[in-house]
Protein chains: 2
Amino acid sequence: MEQKINPSLANWLKILGEPNRLLLLNQIIEGICCNCELGESLSLSPNLISHHMSVLNESGIVKAERDKDDARWIHYSIDIDVMKEVNTLFNAFFDEGRIQPNKSECGPRKS
Amino acid sequence: MEQKINPSLANWLKILGEPNRLLLLNQIIEGICCNCELGESLSLSPNLISHHMSVLNESGIVKAERDKDDARWIHYSIDIDVMKEVNTLFNAFFDEGRIQPNKSECGPRKS
DNA sequence: CATATAATTCAACCATCATTGAACTATTAT
DNA sequence: ATAATAGTTCAATGATGGTTGAATTATATG
């Protein structure tokens with residue numbers, strides 16, 4: 001298992017911008033937590049799911065832990081603190097209050 | 001100029017997840033509006049800027065219009081309504097209130 | 001008309017990365 | 001020990017898309 005990185009906003013958007021990965025994340029948000037169910041509802045192969053889940057896991061937004069009774073199964077869950085961090089980064093950038101009017105230096109010098 | 005598309009959330013994240021494109025969008029948010037200034041501050045070639053700007057423009061988040069006095073220049077600005085739409089889409093998906101606890105069907109059947 | 005400037009378009013190249021199938025690891029069950 | 005199950009890792013493939021340089025369009029100027 002690789003080390004956790006602290007992604008920038010652009011990194012986050014790239015990680016989350018992959019359609020299948022966003023669908024997987026949505027499933028986990030909705031309470032689905034093991035690979036078998038993730039796979040059958042999206043009809044993705046196990047190794048592909050494993051790949052996308054490792055990306056989500058390494059980004060930090062998804063936590064993974066093995067089942068107590070049967071360690072073959074893995075349970076996924078959202079790391080709420082990381083999700084809040086993503087929300088903060090996004091909303092800080094896409095804040096409508098940040099939008100500035102066009103600066104006068106733009107274009108040909110009006111004379 | 002191509003037609004405007006109405007991107008899904010995954011599309012938006014992919015469009016905005018390109019580092020140079022996000023930097024360009026940031027410049028426009030901060031009031032920079034013509035290619036010359038966008039290029040010199042990020043040291044990107046004109047054709048590359050044109051490419052990224054066309055992606056932003058076709059997505060609808062950036063508006064482009066030619067200068068009244070010298071139509072060779074193009075002025076870019078943010079479409080606030082579209083930006084609000086992006087914010088709405090994002091915050092609807094990444095709403096912490098949506099997070100469900102793990103469903104009991106997950107993993108091996110506890111017996 | 002000819003030249004210069006701002007920007008776009010085009011073709012090619014290249015890197016990234018999602019996808020696939022097979023091999024492999026780990027755990028559980030018989 | 002053997003087989004079965006859940007999941008990962010590996011190598012290879014293929015598609016997407018960012019980047020580059022040259023050619024092209026559009027507008028403005030002498």
Side-chain angles (χ1 to χ4, degrees), chain A residues 1-2 5 7 10-25 28 32-40 42-59 62-76 105-111, chain B residues 1-2 5 7 10-25 28 32-40 42-59 62-76 105-111:
Chain A
M1 207 71 84
E2 324 291 305
I5 302 291
N11 281 339
W12 275 120
L13 298 177
K14 186 173 291 183
I15 290 170
L16 302 168
E18 209 290 312
N20 282 332
R21 206 143 54 209
L22 194 64
L23 288 173
L24 287 170
L25 184 61
I28 297 168
I32 302 297
C33 64
C34 66
N35 283 6
C36 47
E37 289 176 305
L38 292 172
E40 68 188 26
L42 299 179
S43 62
L44 300 176
S45 58
N47 50 358
L48 185 51
I49 295 188
S50 182
H51 167 248
H52 285 308
M53 293 311 300
S54 74
V55 173
L56 291 174
N57 182 43
E58 286 160 25
S59 78
V62 161
K63 294 178 289 189
E65 61 175 347
R66 295 194 171 269
D67 187 275
K68 310 293 182 194
D69 300 332
D70 188 335
R72 287 175 299 182
W73 267 267
I74 294 192
H75 296 274
Y76 298 108
E105 308 94 52
C106 271
R109 305 293 165 273
K110 314 296 170 55
S111 56
Chain B
M1 208 70 84
E2 323 293 305
I5 302 291
N11 282 339
W12 275 120
L13 298 177
K14 186 172 290 183
I15 290 170
L16 302 167
E18 208 291 311
N20 283 332
R21 205 144 55 210
L22 194 64
L23 288 173
L24 287 169
L25 184 62
I28 298 168
I32 302 296
C33 64
C34 66
N35 283 5
C36 46
E37 290 176 303
L38 292 173
E40 68 188 26
L42 298 179
S43 61
L44 299 177
S45 59
N47 50 359
L48 185 50
I49 295 186
S50 182
H51 167 247
H52 286 309
M53 292 310 300
S54 75
V55 173
L56 290 174
N57 182 45
E58 286 160 26
S59 78
V62 161
K63 293 178 289 188
E65 61 175 348
R66 295 194 170 267
D67 187 276
K68 308 295 182 194
D69 300 334
D70 189 335
R72 288 176 298 182
W73 266 268
I74 294 193
H75 296 275
Y76 298 108
E105 309 94 51
C106 271
R109 304 293 165 270
K110 315 294 169 57
S111 56

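Residue numbers begin at 1 in each chain, while the letters A, B, ... track the order of the sequences.
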Go through the steps to decide whether A:L25 and A:V62 satisfy the test side-chain contact (heavy atoms from CB on, under 4.5 Å), and finish with yes or no.
-> CA-CA 8 Å; A:L25 184 61; A:V62 161; 3.8 Å; yes
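Atom CD in A:E40 sits roughly 14 Å away from atom C1' in D:dA6 (whole-Å rounding). To the nearest angstrom, P of C:dA6 lies 17 Å from CE of B:M53. Protein atom CH2 of A:W73 is 10 Å distant from nucleotide atom P of C:dT28, rounded to whole Å. D:dA6 atom P lies 8 Å from atom CG of A:D70, rounded to whole Å. In this structure, A:E37 atom CD and D:dA6 atom P are separated by 12 Å, rounded to whole Å. What separates CG of A:L24 from P of C:dT19 is a distance of 10 Å, to the nearest Å. Atom CD1 in A:I49 sits roughly 11 Å away from atom P in C:dT20 (whole-Å rounding). Distance CG (A:L38) to P (D:dT8): 11 Å, rounded to an integer number of Å.
When each of B:R66, B:R72, B:K68 is tested with B:D70 by the rule side chain to side chain donor-acceptor pair (under 3.5 Å), just one qualifies, namely B:R72.
Residues A:I15 and A:R21 approach most closely at O-NE, 2.8 Å, considering heavy atoms. Closest non-hydrogen pair, B:D67 versus B:D69, comes out as OD1-N, 2.7 Å. The two residues B:L42 and B:N20 make their nearest non-hydrogen contact at CD1-O, 4.5 Å. A pairwise comparison of heavy atoms in A:P19 and B:A10 identifies CA-CB, 4.2 Å as the closest pair.
Under the 4.5 Å side-chain criterion, counting only non-hydrogen atoms from C-beta, A:L38 is in contact with A:Y76. Residues A:M53 and A:I74 fail the side-chain proximity criterion, which asks for heavy atoms closer than 4.5 Å. B:L13 places none of its side-chain heavy atoms less than 4.5 Å from the side chain of A:W12.
Along DNA chain C, the nucleotide nearest B:Y76 and the nucleotide nearest A:A71 are compared for position; the residue whose nucleotide lies closer to the 5' end is B:Y76.
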For nucleotides 17-26 of chain D, 5' to 3', base contacts (B), sugar-phosphate-only contacts (S) and non-contacts (-) with protein non-hydrogen atoms under 4.0 Å give SSBSBB----
Dot-bracket summary - DNA chain C, pairs being Watson-Crick or G-U whose distances fall under 3.5 Å, with | when paired to another strand = ||||||||||||||||||||||||||||||
